[in-house]
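A short write-up of the structure that comes next.
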Protein chains: 2
Amino acid sequence: MGHMTTESKAAGPALPASPPLTERQEARRRRILHTSAKLASRGGFDAVQMREVAESSGVALGTLYRYFPSKVHLLVATMQDQLQHMHETLRKRPPSEEDPGARVAQTLMRAFRALQREPHLADAMVRALTFADRSVSPEVDTVSRLTTAIILDAMAPPVAHPPSKGPARPAVPPTPEQLSAVRVIEHTWHSALITWLSGRASIAQVKIDIETVCRLIDLTAPGRTQDRHPPSA
Amino acid sequence: MGHMTTESKAAGPALPASPPLTERQEARRRRILHTSAKLASRGGFDAVQMREVAESSGVALGTLYRYFPSKVHLLVATMQDQLQHMHETLRKRPPSEEDPGARVAQTLMRAFRALQREPHLADAMVRALTFADRSVSPEVDTVSRLTTAIILDAMAPPVAHPPSKGPARPAVPPTPEQLSAVRVIEHTWHSALITWLSGRASIAQVKIDIETVCRLIDLTAPGRTQDRHPPSA
DNA sequence: CGGTAATCTAGAACAAGTTTCAGAACTGAA
DNA sequence: TTCAGTTCTGAAACTTGTTCTAGATTACCG
């Protein structure tokens with residue numbers, strides 16, 4: 001289970017950079033991801049069966065495995081896809097709060113509410129994410145970067161004039177302490193999602209946890225004195 | 001994958017309360033858990049193969065499934081077992097720091113160093129824990145309670161006189177804010193472990209994350225004014 | 001001791017992820 | 001257009017978690 005002999009020398013289409021996909025290949029990839037999300041929306045992780053994904057996408061099983069070398073790869077890629085949509089959606093309606101911590105909490109709660117609308121899909125994606133082993137590290141890392149971007153976007157204070165184009169937030173680079181806080185927030189976000197998905201925590205509990213951890217942001221805001229034990233205890 | 005028709009009406013031996021296990025049954029259970037930990041120590045999650053666990057424990061496959069209704073159940077039970085050892089070990093050498101946050105960070109770093117000695121075993125247990133679905137909720141909850149107990153133990157200030165017996169820490173009940181902080185610390189603990197196990201974070205990074213989140217404890221210490229956004233934003 | 005119900009064993013059988021392979025279809029270059 | 005190399009297809013095979021069944025063992029009760 002989980003090897004990889006074929007890949008890695010031929011540089012399969014999974015990497016979005018190496019070989020430029022032809023139009024038909026791009027279409028196949030989209031179809032597969034769409035099917036994956038559709039099946040996941042039904043029954044979660046277990047409902048995404050590779051044979052069914054292949055058949056329903058009009059692709060041979062071997063081809064599916066050429067595009068996504070495992071079920072976990074497929075679901076993590078699906079998550080990348082969904083996260084990008086989410087990022088754009090969230091970017092359109094920036095949080096209304098003032099404090100960075102509150103802004104992040106508000107944004108994450110919006111994302112959480114979006115996930116609640118498709119709990120099975122959320123289940124499939126998050127389970128795949130945390131179940132991924134080393135062979136999926138690059139893809140999981142991409143997801144992590146996307147999540148970080150969402151949080152950093154929310155943290156940045158609202159700008160007065162509408163920016164024209166390009167990636168925002170080159171203005172105030174976050175401090176190392178803030179980056180640590182963001183990492184911890186991501187940890188909490190993922191783990192809280194898991195406890196909610198497995199029915200061990202209520203929605204209210206997730207909200208509390210997110211708001212609790214977001215205090216770290218204000219705590220580490222630049223200009224605030226670090227009164228207690230420094231980074232290396 | 002993942003049903004459960006047999007169990008739940010007959011109250012299998014998995015529950016430590018319902019039917020008092022006979023001596024031979026207790027021995028079988030121990031043998032199974034031991035084998036599970038041994039195999040996990042080798043190759044992690046994938047190396048724990050149910051047939052091999054059964055054979056190496058000297059029980060039939062069906063019996064293994066009667067004791068542990070799935071591989072995830074087995075590994076979560078293994079984690080319970082290991083955590084109990086860990087708890088006792090940690091209890092013997094309480095942290096030396098003064099601040100509650102620093103005490104918790106120190107304790108978790110000790111636990112982390114213990115896990116580093118058996119990274120494959122840690123991998124198997126943590127992956128099982130986060131992959132567990134609703135059917136494993138009770139067992140996962142037990143693990144969560146154990147973890148909470150370890151953190152609360154560490155948080156409690158050192159006592160002057162040696163307590164004689166019984167569960168400690170009835171002295172100062174933690175505040176709701178502290179309990180929230182503990183929840184967030186657990187989230188961070190699990191998620192940071194995962195990123196380390198999958199090779200996406202270094203040991204140093206885990207240390208930083210733990211120390212960062214443990215500041216929440218001091219932040220929510222009783223007697224400290226809550227200056228920013230209250231629980232319901 | 002005999003009987004009955006629960007438990008255990010051995011092994012087949014099934015399900016879904018993954019691999020493999022021979023041949024068809026496609027792509028790009030000469 | 002034709003050729004060579006890659007990609008895709010269809011189907012079987014393999015792996016490992018899980019379930020099922022028939023018979024042997026064991027535990028308990030009178």
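Reminder, nothing fancy here: chain letters follow the sequence lines and each chain counts from 1. What you see is a predicted model; the values in this text were computed from it and never measured.
Atom-to-atom, CD of B:Glu26 to P of C:dC8 comes out at 12 Å; the value is rounded to the nearest Å. The distance from atom CE of B:Met50 to atom P of D:dC20 is 15 Å, rounded to the nearest whole Å. In this structure, B:Arg31 places its CZ atom 12 Å from C1' of C:dC8, rounding to the nearest Å. In this structure, CZ of A:Arg24 is placed 7 Å from C1' of C:dC26, rounded to the nearest angstrom. The distance between atom CG of A:Leu64 and atom C1' of D:dT9, rounded to the nearest whole Å, is 13 Å. A straight line from CZ of A:Phe45 to P of C:dG17 spans 8 Å, rounded to a whole angstrom. The separation between B:Leu61 atom CG and D:dG17 atom P is 9 Å, rounded to whole Å. One atom, CD of A:Glu55, and another, P of D:dC8, lie 19 Å apart when rounded to the nearest Å.
Ion pairing between B:Arg215 and B:Glu211 fails under the 4.0 Å rule for side-chain N and carboxylate O. Under 4.0 Å is where a charged nitrogen must lie from a carboxylate oxygen, and between A:Glu26 and A:Arg30 at least one such pair does.
When heavy atoms are screened at a 4.0 angstrom cut-off, A:Arg51 is found touching base atoms of the nucleic acid. Nucleic acid contact for A:Val48: sugar-phosphate only, since backbone atoms but no base atoms lie under 4.0 Å from a heavy atom of the residue.
When the nucleotides C:dT9, C:dG17, D:dC8 are ranked by their closest atom to the side chain of A:Arg66, D:dC8 comes out on top. Closest to the B:Gln25 side chain, of the nucleotides C:dT19, C:dT7, C:dG17, is C:dT7. Nearest to the side chain of A:Gln49, among D:dT19, C:dC26, C:dG17, sits C:dG17. Of the candidates C:dT9, C:dG17, D:dT18, C:dG17 carries the atom nearest the A:Lys71 side chain, counting heavy atoms from C-beta on. With C:dC8, D:dT9, C:dT19 as the choices, the nucleotide that has an atom nearest any side-chain atom of A:Ala60 turns out to be D:dT9.
Close to D:dC8, at under 4.0 Å from its OP1 or OP2, lies a side-chain N or O of A:Tyr67.
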Checklist line | Residue pair A:Gln205, B:Arg183: steps toward the side chain to side chain contact (heavy atoms under 4.5 Å, CB included) verdict | finding: CA-CA 10 Å; A:Gln205 193 61 263; B:Arg183 286 179 57 88; 2.8 Å; yes

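Screening residues 126-155 of chain B for ring-ring contact (aromatic ring centres under 6.0 Å, His included) gives A:Phe45-B:Phe131, A:Phe131-B:Phe131 as the qualifying pairs, with residues at least two apart or on separate chains. For the side chain to side chain donor-acceptor pair (under 3.5 Å) condition, the pairs that include at least one residue of residues 78-88 of chain A, sequence neighbours left out, are A:Ser36-A:Thr78, A:His87-A:Asp153.
Residue order along DNA chain D, read from the 5' end via each residue's closest nucleotide, puts A:Thr63 first among A:Thr63 and B:Gly62.
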